[in-house]
Amino acid sequence: MNTTYFAEIILPLSLDGTFTYHLYEEDLQQIKVGQRVAVPFGTQKLYTGVVHSIHQNKPELYKTKAIHAFLDNEPLVTQTQIKFWEWMSNYYMCSLGDVFRNAFPSALKLESQTFVRLINAEFSAIDELNDYEFLVFEALKLRQIISVEEAALIVDEKSAIPTLKLLIDKGIICLDEKLSEKYTPKIDNYVKIHPDLKGNDQAFIAILDQLNKAPKQRETLLQLITLETQLQGKPLKVADFVKQGATNAVLKSLAEKGAVEIYQFQTSRVEGKEEETSEISQLTLKQNEALTQIKTQFVDKSTVLLHGVTSSGKTEIYLKLMEQVIAKGNKVLYLLPEISVTTQIVHRIKKHFGDKVGVYHSKFNQNERVELWQKTLNGDFDIIIGPRTALYLPFDNLGMIIVDEEHESSYKQMDVKPFFHARDMAMLLGGLMNAKVLLGSATPSAESYYNAINQKYGYVELNERFGNIKLPEIKIVDLKKAQKEKEITDDISHILRDEIVEQLKDKKQVILFQNRRGYAPIMECNTCGHTPECPNCDVSLTYHKFSNQLKCHYCGYVQAKPIRCPSCGSHELNTKGIGTEQIEHQVQAIFPEAKVRRMDVDAMRGKFAYEKLIEDFENHEIDILIGTQMITKGFDFGNVNFVGVIRADSLLNFPDFRAHEKAFQLLTQVSGRAGRRQEQGKVLIQSFQAEHQILQNVTTYSYAPTMKDILYERKEFLYPPFTRLINLRFKHKNKERLDKTAEQLVTLLKASFESRCLLGPEAPSIGRINNLYIADVMIKIRPNQSPQKVKDLIRQKIEQLHTISAFRSVRIDIDVDPV
DNA sequence: AGCACGCCGACT
DNA sequence: GTCGGCGTGCTC
């Protein structure tokens, strides 16, 4: 075989670089960069890869294999994406394969262990199938489900993937997936006076006469008329009417007589409230000014930071900008923090731009992801809305990327490689595609703010709330004082309690914020002080009252709550600290009549839990909502005038250089949930450190002074934005080997860094997770050093470390720009 | 990341 | 006597 052409293929492996396969002459006809291919790898495996490049440099060190099959006629990945992936793998110090695996929908990656399922057993046009397809089809009729691997035994290895692909295209089989969850929209019964009677006095009197012998029905009908007048056209739920004295039986009779109409109404989260129109509402003077400034700044800056107080109407500005970008024939990517993607904002945008809007979110199943990928590739969408992973879609012609709530730490991917920050990658992608990037936040991150005031980004402020509503009045409740004066029940001070009473009296809904889920963080034995810990991780177990269990929030370990102390046998086990679950119980005890609900990861399991909660809240089926951080993201309701923070202390005492920044942002964002539509809202923050500077700054909305302090400290202690950080996280099940390895790498790196720029190795606050010990080494890159050179150096030193086999088994995760 | 190969302990 | 633990090395 004398082939002269070769292809570099990207494979979903955690190995550096691409892999070379040789091409046959006939391959050259169809191969295209960005196309999917099936290639053999190792002794057994078949992988789906993507063509990276084509060349004629024959590798000398190893023998190349041939490509088994081309899976597409046209590329599924654009050249820009490949460039983007390469950038990411270089910047975040992971393999190209890591990026590929994370970026590419797994449904498009047919692999040996993938299963396919027969979906059209009735398929009868047998003669349209080739021999291989027929064989697999027959096998599936017997078995229903087979793996790609098994298919390879039925046909031959090389033909398995192409055959399955053809069958998928014909709609005969599909990739096996658990039945996709179905969301059943909430349907409520509503009642109204029958339309025929409206404005028809004669008919109405006739009905009333008819009801003379049925006083109950007559009474109910008259009551309904009164209620309808009061409600001014708002629909009335049967359930609500029954609460006010009507009965279902009576209503049923009335409906049969044609006096009232009972109708179903899908309480939709899609169709918003009456004030929403399909036109983008006229911008206020301030908004218009901001819009003009943004456009001016974009002339010579590629990134602009829009700093607008909560509820200042940033969304309207986004909408206008989107409209203008689209008018020029470009596309818009709108990034949001994870949870917000499902909320009202999406519906608002859809209202204006209809089906030209694509929504991506992480709870989508694989088929939905593939569909979105393909539609994006076709250019079907003008706007894509999604969380950080939406950056991976195959865009073309992107004109603008909006990163809303830019300060949100959920933009940083922490669980799988690459550990990228969506805000930073948005700017990179923007650069590759010549798109402008708009960062929006009410509380910009220190990094972005610093770049803005130093003219690296444009900076536009919007410091007036929409409709000129005043910012909520924020007050601190001193818990020390409250405890001394016994003005507190459990964790709810009487000031807070009284405020909630007032709000409920006014039929307002209340949001309470507690930064911790679970019932109580830890259990402690009163006799010996023992605290139950996770057997796999170095953390105390969290008590969950609902399930009466102790849980580890890190590895998921669960055990029943012990009756006696496992250490001394005492029965006096007590709980220490507070979580959302406990607050829920306390609040319910104080307000037995109120409808109390909880919003945290435990309560938000399931695909539509969040939507359901929003619906219930909107329909006033919740009086008091207790939530973690989640409630700060895109939770925008008119009927909330008051927000309470149960305990700010845990936020202030985080052992992290970002603690103050995060605390300020979170408290400001939480406060922003109050009084968004009409009147000025109120906020009460309970804390044992009432005098704390950050709390004081929150009450006065002193963003700039807070940032000044924070930036001063960052500069003093060499933290971003004055340095760039790289964290090396070592993991191993043997602590000694772990420590030795980490020490050794530090020794190798020492010569290249000042001592205050090379920290560790140090055990993080949780020193063991899932039976792996952890050690961190932090590197600070000063502005006079080239980050690229530092990264090369780290890579080289790790390679050097790995020449000694004892060090090789210690896993090293590199986190660039950790948060 | 997978996977094969190879070398040591506890089981039919 | 084997099964299977995971340490080590290789994959275009």
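Between His22(A) and Tyr24(A), the ring planes lie perpendicular to each other; the angle is over 60°, past the 30° to 60° tilted range.
Here dC6(C) presents its C1' atom at 14 Å from CG of Leu772(A), a figure rounded to the nearest Å.
Applying the side chain to side chain contact (heavy atoms under 4.5 Å, CB included) rule to Asn130(A) yields the partners Tyr132(A), Glu133(A), Leu166(A); only residues at least two apart in sequence or on another chain are considered. Here Phe420(A) pairs with Tyr392(A) under the ring pair (Phe, Tyr, Trp, His ring centres under 6.0 Å) rule; sequence neighbours left out. Under the ring pair (Phe, Tyr, Trp, His ring centres under 6.0 Å) criterion, Tyr411(A) pairs with no residue at all, not counting sequence neighbours. With sequence neighbours left out, the side chain to side chain contact (heavy atoms under 4.5 Å, CB included) criterion links Arg768(A) to Asp538(A), Asn771(A), Tyr773(A). Residues forming a ring pair (Phe, Tyr, Trp, His ring centres under 6.0 Å) with Phe104(A) (at least two apart in sequence, or on another chain): Phe100(A), Trp373(A). Partners of Phe657(A) according to the ring pair (Phe, Tyr, Trp, His ring centres under 6.0 Å) rule, which considers only residues two or more places apart in sequence or in another chain, are Tyr719(A).
Sorted by first then second residue, the salt bridge (Lys or Arg N to Asp or Glu O under 4.0 Å) pairs that include residues 8-24 of chain A, not counting sequence neighbours, number zero.
For DNA chain B, each stem of at least three Watson-Crick or G-U pairs (distances under 3.5 Å) is given as range with range: B:1-11 with C:1-11.
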Whether each nucleotide of nucleotides 7-12 of chain C has a protein heavy atom under 4.0 Å at its base (B), only at its sugar-phosphate (S) or at neither (-) is summarised, 5' to 3', as S-S-BB
